[in-house]
Amino acid sequence: MSITEKSERDAGRSGDAPEELGAAGAQLSTQPVDSLNSVPALGVVGWLRWMWRQLTSMRVALVLLFLLSLAAIPGSLIPQHSDALKVDTFKKHHPGISPLYERLGLFHVYSSPWFAAIYILLFVSLAGCIVPRTWQFVGQLRARPPAAPRHLTRLPAYSTWRTDADPDQVLKAAHKALRGRRFRTSLSAAGDVPGGSVAAEKGYLREAGNLLFHVALFGLLISFAVTSLNKAEGGKLIVEGDGFANNLTQYDDFSPSTLYGADDLKPFGFTLDSFDSKYETSGPDIGSPRVFKANIHYWNGADGKPVKGVIDTNHPLSIGGEKVYLIGHGYAPVVTVKDAQGNVAFQGPVPFLPQDSNITSTGTIKVPDALDKKGKPDQLAFTGYFTPTGDASAGPRSFFPGLDAPLLFLNAYHGDLGIDSGISQNVYQLDTKHMKQIKLETSTPGINAVALKPGEAITLPNGAGSLTFTGVKTWASFQISHQSGNETALISGAAAILGLMGSLFIQRRRIWVRASRGADGTTVVETGGLGRSESVRIADEIGALALQLQPDAPALPDDENDENGENGDGGAEVESTSRTASDTATRTDDEGARA
């Protein structure tokens with residue numbers, strides 16, 4: 001009695017379906033038949049059918065998935081229109097390449113036509129893959145395991161021995177043993193056909209996992225589509241002490257979607273009470289942030305009561321089903337501006353935007369209500385830099401992001417701000433086309449700006465007015481986001497992982513046991529196994545089955561001696577072998593000896 005696992009040359013790959021095995025080696029997978037070698041005859045219908053088969057093939061689905069991954073890369077490297085401020089800054093710093101990016105849609109990758117084309121093609125391809133494979137898999141579940149091939153010796157794993165047991169007794173014992181091992185079985189008694197057999201199959205969860213993976217991937221695409229169609233994002237910069245209400249007029253920028261717009265905004269709001277920030281003060285990471293935390297009071301609904309809350313960079317706050325993210329912070333110098341009449345024309349904090357990791361910031365102070373000595377409108381403007389830790393002799397450059405030595409560097413202008421023209425302006429930039437710079441006396445050589453410490457003031461020449469730097473407040477920028485489909489995406493992602501694990505680690509395999517009367521009146525027992533992928537597991541299962549059948553079909557000693565003696569040097573090549581229940585020596589079977 002011997003158990004042999006054939007080589008690839010003799011038995012073909014386990015995952016293939018050799019033609020000589022017929023139905024026994026077929027349909028170990030639900031993968032559709034390759035149609036590249038069967039291009040239909042020329043004609044519109046034929047070519048459409050051929051293109052459809054290629055689109056719904058697995059190779060094209062993988063190519064489209066790879067292309068979708070590549071297409072998403074620019075969306076993470078290039079600022080998107082959801083953050084208009086970053087897009088404007090990028091265009092300002094890269095004026096040469098920005099027009100090309102704009103034409104290619106790289107500032108709105110996920111809503112661009114080329115990204116949508118890849119997405120829709122992948123969607124259709126997966127749908128075309130899943131439906132036929134599902135029907136084929138259902139058909140396999142309802143079908144009986146295929147009958148044993150005529151030549152079990154051609155299978156990758158094979159075992160045989162002789163016994164005095166009745167063939168029907170051997171087949172019933174094999175049927176019971178395989179059922180106990182959770183195989184789906186089909187029994188053909190020895191009296192029904194010459195040489196009865198038991199067919200068994202196991203590992204259907206491999207194909208179920210494969211289908212689950214594809215269905216989950218399909219679910220992910222649907223979730224992303226729903227999220228894209230039913231989402232909205234908006235940004236708001238808030239100085240400490242100020243608040244926000246969730247309506248369109250309160251946003252600095254707002255990006256609606258097809259199914260969610262300004263009319264769908266939910267009633268809630270919050271007030272920024274304070275902002276906590278801490279930085280490394282020594283070592284190689286000096287200046288690196290340690291704590292970023294916004295302390296707020298928020299309310300949900302028109303009659304909601306204020307509730308304390310905290311938002312930091314890794315923990316957004318959910319209010320009324322919407323997510324509020326902390327995305328940045330900076331400083332807002334507090335100034336008081338008086339015009340030539342001595343009236344307070346402007347008073348309050350002005351946010352300056354950070355330009356580097358040490359929060360060297362730029363900003364503009366616009367005073368549209370200033371009057372000159374004659375009482376006529378003469379609008380004022382101040383532009384410059386703010387450094388939370390600076391040195392007047394070193395110029396407008398911060399050395400540390402904390403408020404250790406704040407300085408405000410300013411230039412002054414007067415004239416027409418252009419606000420009354422009706423054309424929208426960027427509040428952080430100054431259009432000096434219709435304005436004239438006021439020459440200021442500076443005590444810092446080589447720096448064309450006045451450096452102010454908190455409490456200091458600028459007096460404009462000719463009695464045009466003054467500016468006093470009274471203090472500093474912090475500001476924080478928030479992103480308010482509405483998204484749906486996140487739960488579905490999470491479930492689909494988990495299902496995809498489970499399906500992939502089943503597809504990778506579960507082996508689809510078939511085992512056959514045949515028992516027939518030999519010429520000498522004894523019963524010849526043959527077992528063979530076929531797996532979808534090459535593995536020693538099928539040979540181990542054949543050996544374990546042979547061992548389990550020994551009490552019902554004990555091997556004859558003469559057969560063992562014959563196996564060890566006369567037929568000890570067969571002609572086939574051996575990859576791996578396993579000992580039988582009677583611990584006989586393993587040998588290679590000649591391919592035609594057991595036919």
Side-chain angles (χ1 to χ4, degrees), residues 85 88 92 237-243 249-250 252 330-353 355 360-387 390 392-393 395-396 406-473 475:
L85 185 59
D88 292 340
K92 180 181 178 181
L237 186 150
I238 304 175
V239 179
E240 60 178 313
D242 292 342
T249 60
Q250 291 281 296
D252 295 331
Y331 298 103
V334 182
V335 297
T336 299
V337 180
K338 294 183 179 180
D339 60 15
Q341 299 287 325
N343 301 320
V344 176
F346 177 86
Q347 187 176 33
V350 181
F352 276 49
L353 302 182
Q355 303 297 307
T360 302
S361 307
T362 63
T364 297
I365 304 169
K366 298 180 181 182
V367 189
D369 300 325
L371 302 175
D372 61 12
K373 289 183 178 180
K374 298 179 180 180
K376 296 181 179 180
D378 185 24
Q379 297 176 341
L380 299 176
F382 301 86
T383 182
Y385 292 86
F386 173 78
T387 58
S393 61
L407 286 176
L408 183 61
F409 296 81
L410 292 177
N411 285 308
Y413 295 83
H414 74 103
D416 183 10
L417 291 170
I419 295 177
D420 300 328
S421 64
I423 301 175
S424 61
Q425 290 187 356
N426 189 329
V427 296
Y428 304 107
Q429 296 178 356
L430 178 63
D431 183 4
T432 60
K433 184 183 299 184
H434 302 291
M435 303 200 76
K436 183 178 179 180
Q437 186 173 359
I438 300 175
K439 293 183 179 181
L440 301 176
E441 294 184 2
T442 173
S443 59
T444 306
I447 299 177
N448 187 25
V450 175
L452 301 177
K453 296 180 181 179
E456 295 182 344
I458 301 174
T459 300
L460 301 179
N462 301 322
S466 65
L467 179 145
T468 303
F469 178 26
T470 59
V472 181
K473 287 188 174 182
W475 58 259

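Values in this document were obtained by computation on a predicted structure and should not be read as measured data. In what follows, every heavy atom counts, from backbone to side chain, and hydrogens, waters and symmetry copies are set aside.
- The minimum heavy-atom distance between Thr468 and Gly455, with the atom names listed, is CG2-O, 4.4 Å.
- Nearest approach of Leu452 to Ala457, heavy atoms of both residues: CD2-O, 3.8 Å.
- Other residues, nucleotides and ligands contribute more than 12 heavy atoms inside 6.0 Å of the CZ atom of Phe346.
- In this structure, Leu417 CG and Met435 CE are separated by 4.5 Å, a value rounded to the nearest 0.5 Å.
- Looking at Trp475, its side chain never comes within 3.5 Å of a backbone N or O of Ile238 through a donor-acceptor pair.
- Between Phe382 and Leu460 there is a side-chain heavy-atom pair separated by less than 4.5 Å.
- For residues 336-351, the side chain to side chain donor-acceptor pair (under 3.5 Å) pairs, not counting sequence neighbours, are Thr336-Gln347.
- When side chains are defined from C-beta on, Gln437 does not count as touching Thr432, because their heavy atoms never get closer than 4.5 Å.
- To the nearest 0.5 Å, atoms NE2 (His414) and CG (Asp372) are separated by 10.0 Å.
- For the side-chain contact (heavy atoms from CB on, under 4.5 Å) test with Tyr428, the passing option among Leu237, Val350, Thr383 is Leu237; the others fail.
- For the atom pair Tyr413 OH and Ile438 CD1, the distance stands at 10.0 Å (nearest 0.5 Å).
- Taking 4.5 Å as the limit, every side-chain heavy atom of Pro454 sits out of range of all side-chain heavy atoms of Leu408.
- The side-chain heavy atoms of Leu380 and Leu467, taken from C-beta on, include no pair separated by under 4.5 Å.
- The side-chain contact (heavy atoms from CB on, under 4.5 Å) test applied to Asp431 returns Lys433, not counting sequence neighbours.
- The two residues Lys473 and Glu240 have their closest heavy-atom pair at CA-OE2, 3.4 Å.
- Considering only heavy atoms from C-beta on, Leu407 comes within 4.5 Å of Lys453 through its side chain.
- Between the Lys373 side chain and the Asn462 main chain, a donor and an acceptor come within less than 3.5 Å of each other.
- Interatomic distance, OH of Tyr385 versus CG of Asn411, reported as 10.0 Å (0.5 Å rounding).
- Phe409 approaches Pro396 most closely through the heavy-atom pair CE1-CA, 3.8 Å.
- The line from CG of Leu410 to CZ of Phe386 is 11.0 Å long, rounded to the nearest 0.5 Å.
- Between the side chain of Gln355 and the backbone N or O of Leu353, at least one donor-acceptor pair lies under 3.5 Å.
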